[in-house]
Amino acid sequence: KNEVEQSPQNLTAQEGEFITINCSYSVGISALHWLQQHPGGGIVSLFMLSSGKKKHGRLIATINIQEKHSSLHITASHPRDSAVYICAVGSGSARQLTFGSGTQLTVLP
Amino acid sequence: DVKVTQSSRYLVKRTGEKVFLECVQDMDHENMFWYRQDPGLGLRLIYFSYDVKMKEKGDIPEGYSVSREKKERFSLILESASTNQTSMYLCASSFYRPSLYFGPGTRLTVT
């Protein structure tokens, strides 16, 4: 079973700062997901990637397959980015996703 | 847009009660999942279903059962609720690719 480690567990930033959240996993995968969970519980899928880099607005996700590592970057952070960010890795089907324990991000105005 | 709904956002039940959590998706997805989420542990898969009346145990099925009589609806049943089942329960659905759509979650408290 894949082990997924996220760092940091908690992150507090000032509005406008560049933020990086890291995810490492132990076993080869077919896809890695970044998810966002706002207070109240609902989870939204941000990215699914298997190589390289993806960008959506101020969010950028990168993955290095050889190093078994992914990063989620947020540029020009805003208080509305405050949420838990979860990394999940999979080996083919949604059944086989393993989730990290999440990074709690707080962006202060 | 895919919509996954759960029957309750908050639920308080007593030890020993039978509890039903319902999940409905509107995109004709084959796969549906029940997870629980606890601080520091991440999401853990309880059960999943890949078709009507088909189910498989996840990583932590003990104390739970499921029912999928219709494609759009997947129910999680706590036969006899216990305090260690106090948690956030999240339902999700997917088509034949590893991308999940989550419901809003049900925060269950068992007293």
Side-chain angles (χ1 to χ4, degrees), chain A residues 1-10 21-51 54 56 61 63 70 72 83-105, chain B residues 1-11 21 23 25 27 29-51 54-61 74 87-109:
Chain A
K1 187 171 165 65
N2 221 332
E3 301 293 329
V4 180
E5 297 266 348
Q6 282 187 240
S7 62
Q9 287 190 332
N10 293 281
I21 298 170
N22 297 298
C23 176
S24 297
Y25 52 92
S26 58
V27 180
I29 62 169
S30 62
L32 182 142
H33 303 252
W34 281 104
L35 310 167
Q36 181 192 57
Q37 184 175 30
H38 277 285
I43 294 177
V44 174
S45 178
L46 297 174
F47 295 104
M48 182 175 69
L49 64 164
S50 55
S51 65
K54 285 191 175 180
H56 182 70
I63 188 169
S70 174
L72 177 68
V84 175
Y85 292 84
I86 300 168
C87 169
V89 300
S91 53
S93 71
R95 157 70 180 96
Q96 293 161 332
L97 285 178
T98 302
F99 295 81
S101 56
T103 295
Q104 173 70 62
L105 171 65
Chain B
D1 274 357
V2 176
K3 193 159 186 182
V4 181
T5 57
Q6 294 183 226
S7 49
S8 306
R9 293 299 304 274
Y10 300 94
L11 209 51
L21 303 182
C23 175
Q25 50 93 4
M27 277 300 290
H29 283 173
E30 264 68 22
N31 301 316
M32 295 188 75
F33 306 81
W34 275 107
Y35 294 93
R36 66 176 280 176
Q37 184 181 31
D38 300 290
L41 295 178
L43 276 77
R44 293 179 291 166
L45 182 64
I46 304 171
Y47 266 98
F48 80 104
S49 168
Y50 51 91
D51 203 348
M54 307 302 283
K55 61 187 179 187
E56 278 195 26
K57 293 180 180 179
D59 300 319
I60 51 163
F74 191 35
S87 186
M88 169 72 90
Y89 290 87
L90 288 151
C91 174
S93 73
S94 77
F95 195 51
Y96 286 121
R97 63 190 191 98
S99 189
L100 286 175
Y101 297 87
F102 284 89
T106 297
R107 191 167 292 281
L108 172 67
T109 302

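A, B, ... follow the sequence lines: proteins, then strands. Residue 1 opens every chain. The figures here come from the full heavy-atom set of this structure, side chains too, leaving out hydrogens, waters and symmetry mates.
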Given heavy-atom pairs under 4.5 angstrom as the criterion, report whether the side chain, backbone, both or neither of R44(B) touches chain A.
neither
Counting heavy-atom pairs under 4.5 Å with chain A, which one of Q37(B), R107(B), E56(B) comes out on top?
Q37(B)
What part of L43(B) gets within 4.5 angstrom of chain A, counting heavy atoms only: side chain, backbone, both, or neither?
both
Is E5(A) atom CD crowded by more than 12 heavy atoms from other residues, nucleotides or ligands, each under 6.0 Å away?
no
Against chain A, label Q6(B) side chain, backbone, both or neither, depending on which of its atoms sit under 4.5 Å from a heavy atom there.
neither
Compare all side-chain heavy atoms of F33(B) with those of L97(A) and state whether any distance is below 4.5 angstrom.
no
Could you tell me which portion of I86(A) (side chain, backbone, both or neither) has an atom closer than 4.5 angstrom to a non-hydrogen atom of chain B?
side chain
Among the listed options S45(A), G42(A), A88(A), the residue most often paired with chain B at heavy-atom distances under 4.5 Å
G42(A)
Non-hydrogen atoms of L35(A) and F102(B) that approach each other most closely:
CD1-CE1, 4.2 Å
Side-chain contact, heavy-atom cut-off 4.5 Å: L90(B) with Q37(A)?
yes
Smallest heavy-atom separation, G40(B) atom then S101(A) atom, equals O-CB, 3.6 Å
